[in-house]
Amino acid sequence: MKISEFHEPSRKLVGRTVWHYDVVESTNETAKELLEEDLEEGLTIWADRQASGRGRQGRAWASPPGGLYVSVILRPKEAHAWVLGLLVGMPVVKALRHFGVFAGLKYPNDAVYQGRKIAGILSEGVFRRETYHVVVGIGVNTNVDLERLPPDVQGIATTMKREVNLFVANEEFLDYLLHQVDDLYSRYRNTRIEFLIKDYRGQCTTIGKRVAATTSKGKIEGRAYDIAPNGALVIMDDKNEKHEFIEGNLKILR
Ligand code: BTN
């Protein structure tokens, strides 16, 4: 159920209007249903809890109370849904650092702290009413007790509550985060994508590390070397051959 709606005119576009729900199935699904209506770009759906939060590659995203679950509706001119989702990792990491968690960006767009995942992004491109929309869903383990996450996730995830000895209200975190996403989106609309990819490359902690990528076509092992213009991770194998990895499972070896 929608519990409130608020406006923040200081933002250019992203999060000027936020609809706050108590519980939804998934904020991405709610946002996608709303695409049938003619609503403003940047509209943000925020829920206190998700009954069936979704992650990348068909995985579930555990969404207990205390976490931050949000989806932003965007209408970029070009169909760069995937790259946009990749770039949004930067503002997410910036917000975590602002509130005391020195997180890093793991390819493609996970925020990790000491190797444990603390936030994730699911960006979906949707064509509705003859317009291309991108729904960018962001989940952050803010005020979540680690024990509230599923047992198989507890060993690989962490939460702000566990890492920072300071309570940060979700509303405060969201306000800062939306300002950062708004800035990124305005750069996305006004700057050449190569510059943003370069920025991303500089912030991505996966670059330089030895990785193992599993895709539908097989396994690639080597050193994460670069980010291609299409946002793919370039992996250099032990024969110095380059491979582009974009979707699948990525393990950092060292
Ligand atoms: C991932 O790392 O696998 C992506 C996780 C994305 C989770 C967020 S929470 C808000 C939005 N709604 C969803 O159902 N998923 C995204």
Side-chain angles (χ1 to χ4, degrees), residues 2 14-15 18-35 42-74 81-93 95-96 101 103-113 115-126 133-144 148-150 152-160 170-171 173-174 177-178 181 204-206 213-215 231 233 245-252:
K2 186 169 158 195
V14 174
V18 179
W19 290 5
H20 184 193
Y21 292 72
D22 49 2
V23 54
V24 296
E25 291 294 309
S26 149
T27 54
N28 270 32
E29 291 311 314
T30 304
K32 286 199 275 181
E33 282 159 23
L34 290 169
L35 299 180
L43 176 69
T44 299
I45 306 301
W46 168 32
D48 292 336
R49 195 158 61 80
Q50 299 185 113
S52 32
R54 296 191 296 107
R56 288 197 318 271
Q57 299 177 269
R59 287 190 288 250
W61 182 259
S63 310
L68 183 75
Y69 314 108
V70 61
S71 298
V72 182
I73 297 172
L74 300 173
W82 199 85
V83 176
L84 190 54
L86 181 81
L87 298 172
V88 170
M90 294 194 281
V92 171
V93 164
L96 284 161
V101 178
L105 189 52
K106 181 195 167 210
Y107 186 86
N109 51 15
D110 290 347
V112 293
Y113 178 70
R116 288 165 170 258
K117 183 154 165 174
I118 194 163
I121 296 165
L122 176 67
S123 149
E124 299 182 274
V126 185
H133 307 260
V134 177
V135 171
V136 180
I138 305 170
V140 188
N141 297 335
T142 47
N143 301 302
V144 176
R148 294 294 303 266
L149 297 177
D152 58 322
V153 173
Q154 285 180 24
I156 51 170
T158 193
T159 77
M160 281 180 70
N170 277 341
E171 198 156 357
F173 190 94
L174 180 61
L177 174 66
L178 290 177
V181 177
C204 180
T205 60
T206 308
T214 314
T215 71
L233 179 70
F245 165 80
I246 208 150
E247 199 59 82
N249 195 47
L250 187 75
K251 208 169 157 198
I252 310 284

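Remember, it's 1-based here, ligands and their atoms both numbered in the order they're listed.
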* Structure fact -> Residues at least two apart in sequence or cross-chain that pass side chain to side chain donor-acceptor pair (under 3.5 Å) with Ser63, listed by chain then number, are Gln50

* Please identify each residue that fulfils ring pair (Phe, Tyr, Trp, His ring centres under 6.0 Å) with His20, with sequence neighbours left out. => Trp46

Distances for all N or O pairs of ligand 1 and the protein under 3.5 Å?
from	atom 1	to	atom 2	distance (Å)
ligand 1	2 (O)	Lys117	NZ	2.5
ligand 1	3 (O)	Arg56	N	2.7
ligand 1	12 (N)	Thr27	OG1	3.1
ligand 1	12 (N)	Gln50	OE1	2.9
ligand 1	14 (O)	Ser26	OG	2.8
ligand 1	14 (O)	Gln50	OE1	3.4
ligand 1	14 (O)	Arg54	N	2.7
ligand 1	15 (N)	Arg54	O	2.7

* **Among Ile118, Asn141, Val144, side-chain contact (heavy atoms from CB on, under 4.5 Å) partner for Met160** => Ile118

* **Greater than 12 external heavy atoms within 6.0 Å of Lys2's NZ** => yes

* Asked: What residues, two or more places apart in sequence or in another chain, satisfy ring pair (Phe, Tyr, Trp, His ring centres under 6.0 Å) together with Phe173?
  -> Phe99

* To do: State whether a side-chain donor-acceptor pair under 3.5 Å links Thr214 with Asn249.
  => no

